[in-house]
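The structure displayed is predicted, hence computed values, not measured ones. Just so we're on the same page: letters track the sequence lines, and every chain starts at 1.
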Amino acid sequence: MESKLNIYNTLKRKKELFVPLNPPHVGMYVCGPTVYGEPHLGHARPGVTYDVLFRYLKYLGYKVRYVRNITDVGHLENDADVGEDKIAKKARLEQLEPMEVVQFYTNSYHDKMRALNTLPPSIEPQASGHIIEQQAMVQQILDNGYAYEKNGSVYFDVEKYNKKFKYGKLSGRVVEDLQSNTRVLEGQDEKKNPFDFALWKKAEPEHIMRWPSDWSDGFPGWHLECSVMSTKYLGKKFDIHGGGMDLLFPHHECEIAQSTAANGEESVHYWMHNNMITIDGQKMGKSLGNFITLNELFSGNHKLLKQAYSPMTIRFFMLQAHYRSTLDFSNEALQAAEKGLSRLFAAWNTLNKLEASDKSSFDVQALKQKCFDAIDDDLNTPILFAHLFDGVKFINSVAAGTESITAADLEELKKLYHDFIFNIAGLKDELEDVADGENKLDEVMDILLNTRIEAKKNKDFATSDKIRDLLKDAGIIIKDTKDGFEWQLK
RNA sequence: GGUCACGUGGCCGAGCGGCUAGGCUCUGGUCUGCAAAACCAGCUACAGCGGUUCGAAUCCGCUCGUGACCUCCA
């Protein structure tokens, strides 16, 4: 478990060696989706990023508790503290019970995350299931003097908090600047300062999702759930908190303030933030309406899409960029990822058929070291794949007979590729999935292709080409090899 | 307006002081009945202008451009 994993800590603005608070245990919390719409490409990024982290930590032998929440209440439409609850709004539009909306999109989110081969989190708590705990934290913050009640709503007192602790340390903001820069929005006259945020909000009569409390019939503020649920399941201090960069301010800043105000100390050791997916250089997001849902990507059913892209193509596409860089969507980039991935899996299959000889013309240990160095360097998956592709060239050369490998090295190389491709990067061979359990198809293909080989032997190329062309039309690609043939579904 | 990022070859995308990133595309070659795959070779790079340095895509300054956050967003 001795690892050299370094992760970029947004709080410190630099890479730090990862040292868990209570080894071998690791606690990680990631902000999940607000379930009021179909998950889109943007949701896949943190899903995949923190899945790789989760997988790698487990690979290193840590006992990881991975908590990812479902936001199903308290997330408002306009200003954080005025306006309509997103879930309730969607429910009214669709003539549904709010929890029906929540369930529908939660299911869809799970389906898509599973398709992307992300492991389910250890705990996936819902905000609506933790109203009692949220009320308790509101009371705690009130008792500690960092919140005030006004007309049944409770607000966090940023100015007061800032005197003892520092508000804005994560996002690099200072309260004085906020004072002059925060937009004045209507309905905020209850607050002492415009940057104060709601911990508990009194519900308007038409508001559907509401719970009784000491202050009013109302609902919790959006930022509260993450502080509450991370504390409940990971303790007052835990290792890693992840989320999208767009949540850095105000959401994560408020989380820090709430947890600190309630518990007296900061809770998170390493803050991690994934960057955005862009489209034509602009952030892909709900508010801009320029998002492509995962449904649309998987089916190709969107005006910007030239074709469907498989979940693994999407996953690989993301892993070819560093998680802290923006990643620009385009058909060309996705197609390149699709082909690259296919080349990687072709090499994996080749690797498993390789024959050993008495010497190696390649340094497997050096490759292994490079791969670990890459992943240890703040999950640098693009570098990791660059090294794996160097290995692909070698694997293909061994198959072609221009390079060689010993039996021991071969075993080592197989393990290396298996560990990194499947266990850590979390990729899977989708073609193999299809082929599995289709023994009949295998038999039929053997018959067909052996017939073709005979035709070739007899120089009956018209027949052999016809078989190849017709199969191609049916979505099956034939590759002739030295001593036979290979085929794969496209 | 404030705060902070970023601008790399046809496309995507690493690198963060000296050493080929990688993937995809393109061109030529080897192999093959042809094709595909594979292998070999090649092709256009570091926004601009200064500065620091023996040496800069990489550090500093300025200019131009793009974006993010400051309001819900992964």
Toward the 5' end of RNA chain B, by each residue's nearest nucleotide, A:Lys286 or A:Arg173: A:Arg173
Would you tell me if any nitrogen or oxygen in the side chain of A:Asn274 comes within less than 4.0 Å of OP1 or OP2 on B:A74? no
Evaluation steps, side-chain hydrogen bond (donor to acceptor under 3.5 Å, both in side chains), between A:Asp51 and A:Tyr66: CA-CA 9 Å; A:Asp51 183 60; A:Tyr66 172 22; over 6 Å; no
Pairing partner (Watson-Crick or G-U wobble, both distances under 3.5 angstrom) of B:U32: none
Between the side-chain atoms of A:Asp465 and the base atoms of B:G33, is any donor-acceptor pair under 3.5 Å? yes
Strand partner of B:U52, provided both Watson-Crick or wobble distances fall under 3.5 Å: none
Pair partner, B:C11 [Watson-Crick or wobble, under 3.5 Å]: B:G23
Measuring only the P atom in each nucleotide, how far is B:C40 from B:A56? A whole number of Å is fine. 33 Å
Stacked cation flag A:Lys201 on A:Tyr155, 6.0 angstrom / 45 deg: no
Does B:U25 have its OP1 or OP2 closer than 4.0 Å to a side-chain nitrogen or oxygen of A:Lys339? yes
Angle between ring planes, A:Trp348 versus A:His418, binned at 30° and 60°: parallel, tilted or perpendicular? tilted
Does B:A38 have OP1 or OP2 sitting under 4.0 Å from an N or O in the side chain of A:Arg343? yes
Closest of B:A38, B:G33, B:A74 to the A:Arg452 side chain is B:G33
Are OP1 or OP2 of B:A35 and a side-chain N or O of A:Arg468 less than 4.0 angstrom apart? no
Relative to each other, are the rings of A:Phe385 and A:Phe389 parallel, tilted or perpendicular (30° and 60° limits)? tilted
Which residue lies more 5' along RNA chain B, comparing A:Lys370 with A:Val392 via nearest heavy atoms: A:Lys370
Over 60° means perpendicular and under 30° means parallel, so tell me whether A:His223 and A:Phe197 are parallel, tilted or perpendicular. perpendicular
Rounded interatomic separation in angstrom, taking CG from A:Leu288 and C1' from B:C69: 13 Å
Is the ring pair A:Phe372/A:Tyr56 parallel, tilted or perpendicular, if the boundaries are 30 and 60 degrees? tilted
Is there a Watson-Crick or G-U wobble partner for B:U3 with both distances under 3.5 Å, and if so, which one is it? B:A68
According to the interplanar angle, ranging from 0 to 90°, do the rings of A:His252 and A:His241 count as parallel (below 30°), tilted (30 to 60°) or perpendicular (above 60°)? perpendicular
Within less than 4.0 Å of OP1 or OP2 of B:U32, is there a side-chain N or O belonging to A:Lys479? no
Can you tell me the Watson-Crick or wobble partner of B:A47, both distances under 3.5 angstrom? B:U63
Determine, for nucleotides 10-16 of chain B in 5'-to-3' order, which nucleotides have protein heavy atoms under 4.0 Å from the base (write B), from only the sugar-phosphate (write S), or from neither (write -). -SSSSS-
